[in-house]
Amino acid sequence: MANNKTTFFATQIGSILATAGSAVGLGNIWRFPTVTGQNGGAAFILIYLFFNIFLGVACMLTEFIVGRNGASNPLRAYIKAGRHKSWGIIGILSLLCGSLILSFYSVVAGWCVYYLYLAITGGVLGSFDHIQTTFTTLVSTEGIYTCCAISVLFVVLTHLIIVQGVQKGIERASTCMVPLLILLLIVLGIASCSLPGAWKGLEFLFRPDFSKVTAHTFYDAMSMAFFSLSLGTACLVTYASYFRKDANIGRYALQISIIDVLVAILAGITIFPAAFSVGVEPDAGPSLIFLTIPNVFTSAFSPTAGYYLSILFYFLLVLAALTSTISMHEIGTSLLSQELKTSRTMAGNIITVFCSIMGILCALSFSHPDIGLFGSTLFDNFDSFTSKVLMPVGAFATCVLVGWIMPRLTIVRQLTSNARYPWPRFMLELFIFLVKFVCPTLIGIIFVVNIFFTN
Ligand code: PHE
């Protein structure tokens with residue numbers, strides 16, 4: 001099948017879960033608690049909620065509008081929406097952005113697979129020294145082959161789902177995995193809150209301390225909302241091209257944002273009470289879930305409970321990562337299969353080979369920090385370039401496109417699915433106002449401040 005223009009998700013719930021699966025990922029379970037910990041807890045969460053709901057839902061809708069209107073890959077969708085070939089650049093940048101994110105994301109996803117294996121064989125439980133040695137060995141020259149192999153394994157796993165197609169691969173996998181993931185998080189959250197001293201973690205999470213808020217907090221909250229909702233990567237444009245004509249995209253955007261926030265907060269409820277109950281600092285950084293959480297399983301629970309809960313936790317991380325990597329891979333697969341007029345398998349092979357090679361380089365950059373630019377590792381280069389540059393640029397351009405260039409009639413038709421779900425006039429005006437002025441201004445200010453005024 002060289003052209004999948006007529007491909008749709010089969011059901012509404014499948015469309016929502018697939019898109020929520022893209023949003024819910026390591027961003028929610030790995031990054032959100034880390035960034036919340038570093039920014040002092042509840043005050044950060046409030047700012048994050050603001051960005052997620054106002055900026056996030058509006059930006060998500062702009063991508064849905066471009067995607068469903070285009071009914072094609074991001075390259076063609078942007079050209080169709082902007083009625084000029086130059087808009088295709090945003091489609092190409094999104095291909096680059098999705099592939100770069102997949103490259104470094106697969107390294108962390110690979111660690112999750114490795115930790116799942118360790119959890120099953122009892123290897124994550126033990127003294128803190130043992131846990132620390134496990135992690136440092138994995139990312140050192142000694143463990144580097146394992147590290148590279150597992151990140152390639154993750155890209156290949158993603159590939160195997162992608163080549164099954166949109167309905168049988170993406171939709172089916174997400175429909176099973178997302179509800180399971182939420183269920184597992186609830187079980188873990190309850191276990192964590194039952195620990196002595198757990199209330200300190202809940203207090204950290206829910207009692208705001210505004211003295212900790214700085215200009216940087218706003219930037220962190222916005223980038224977190226972007227990353228977490230998969231904005232500015234054309235992932236949502238690609239998925240929206242698979243939405244049916246009668247899909248209520250306004251409702252979809254709201255539901256997906258709510259699921260995303262709930263999962264992030266549930267992850268916080270799982271991680272912070274457990275961490276506080278054993279006296280682990282909440283700002284431990286990216287290693288939080290690989291260094292401190294195993295320590296929590298060892299010291300806070302009985303050996304049997306610790307064993308099963310650690311398996312559940314790392315299984316949960318693998319599921320969360322997989323539903324997201326599928327969506328990153330799909331951007332390139334759909335774009336290349338249509339533009340090169342080739343099969344999904346062939347297009348998928350190209351993305352898989354490219355991201356595996358880049359993934360290996362990102363994995364290597366932990367043991368060989370000289371692999372990288374501007375004094376940072378390649379892993380950090382990819383992370384900052386995508387979240388500080390490509391994602392804001394993609395989201396900014398999409399807002400400008402929808403707010404200033406697309407005909408209003410097309411926007412209203414998409415939002416209301418051809419008058420099937422009428423929007424109150426006030427809501428329509430608010431949306432247009434947000435997309436025309438508020439979102440581009442906020443994205444622009446935060447982007448410029450961070451590129452030019454912070455180190
Ligand atoms: N939203 C995903 C997460 O929270 C990451 C992601 C970014 C997925 C960009 C797709 C595109 O982990």
Side-chain angles (χ1 to χ4, degrees), residues 17-36 48 51-52 56-57 59-60 63-64 67 74 90-91 93-112 154-155 158 161-162 170 173-174 177-178 181-182 185 220-240 253 256-268 286 289 316-335 351 355 382-395 398:
L17 290 177
T19 319
S22 165
V24 169
L26 295 178
N28 304 59
I29 303 167
W30 170 59
R31 216 172 185 174
F32 178 78
T34 305
V35 182
T36 304
Y48 170 72
F51 278 119
N52 195 306
V57 171
C59 289
M60 201 191 293
E63 298 202 16
F64 284 173
I90 304 299
L93 285 183
S94 70
L95 167 68
L96 178 69
C97 185
S99 305
L100 294 186
I101 297 179
L102 179 54
S103 308
F104 74 83
Y105 201 91
S106 64
V107 176
V108 184
W111 294 346
C112 300
F154 210 88
V155 182
T158 309
I161 295 175
I162 283 288
I170 303 174
S174 312
M177 291 195 274
V178 175
L181 186 153
I182 296 177
L185 255 186
D220 277 348
M222 189 189 81
S223 341
M224 186 59 231
F226 270 15
F227 189 81
S228 186
L229 291 173
S230 317
L231 293 174
T233 57
C235 229
L236 303 178
V237 173
T238 310
Y239 273 18
I256 291 160
S257 151
I258 291 173
I259 296 179
D260 188 62
V261 166
L262 277 182
V263 170
I265 291 182
L266 270 176
I289 58 173
L316 170 92
L317 285 178
V318 171
L319 287 187
L322 195 54
T323 53
S324 293
T325 52
I326 292 173
S327 69
M328 298 165 199
H329 200 300
E330 179 62 15
I331 307 172
T333 304
S334 86
L335 198 150
I351 300 294
C355 293
F382 281 11
D383 186 2
S384 355
F385 183 53
T386 50
S387 66
K388 288 192 178 165
V389 181
L390 291 178
M391 294 175 100
V393 166
T398 315

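Both counts, for ligands and for their atoms, begin at 1 and track the order of listing.
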Inventory of protein N or O atoms under 3.5 Å from ligand 1 N or O:
residue, atom, partner, partner atom, Å
ligand 1, 1 (N), S22, O, 3.1
ligand 1, 1 (N), A23, O, 2.9
ligand 1, 1 (N), F227, O, 2.8
ligand 1, 1 (N), S228, O, 3.0
ligand 1, 1 (N), S230, OG, 3.1
ligand 1, 4 (O), A23, O, 2.9
ligand 1, 4 (O), G27, N, 3.4
ligand 1, 4 (O), N28, OD1, 3.3
ligand 1, 12 (O), L26, N, 3.1
ligand 1, 12 (O), G27, N, 2.7
ligand 1, 12 (O), Y105, OH, 2.6

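- Atom CE of M328 is separated from atom OG1 of T386 by 9.5 Å, given to the nearest 0.5 angstrom.
- Applying the side-chain hydrogen bond (donor to acceptor under 3.5 Å, both in side chains) rule to S257 yields the partners N52; only residues at least two apart in sequence or on another chain are considered.
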Listing, residues 93-103 side-chain donor-acceptor contacts under 3.5 Å, not counting sequence neighbours, or none:
residue, atom, partner, partner atom, Å
S94, OG, G91, O, 2.5
S99, OG, L95, O, 2.8
S103, OG, S99, O, 2.8

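- A salt bridge (Lys or Arg N to Asp or Glu O under 4.0 Å) check over residues 94-111, counting only residues at least two apart or in different chains, returns nothing.
- Listed here is the closest heavy atom pair of L181 and L316: O-CD1, 3.1 Å.
- S324 places a side-chain N or O within 3.5 Å of a backbone atom of V24 that can act as its donor or acceptor partner.
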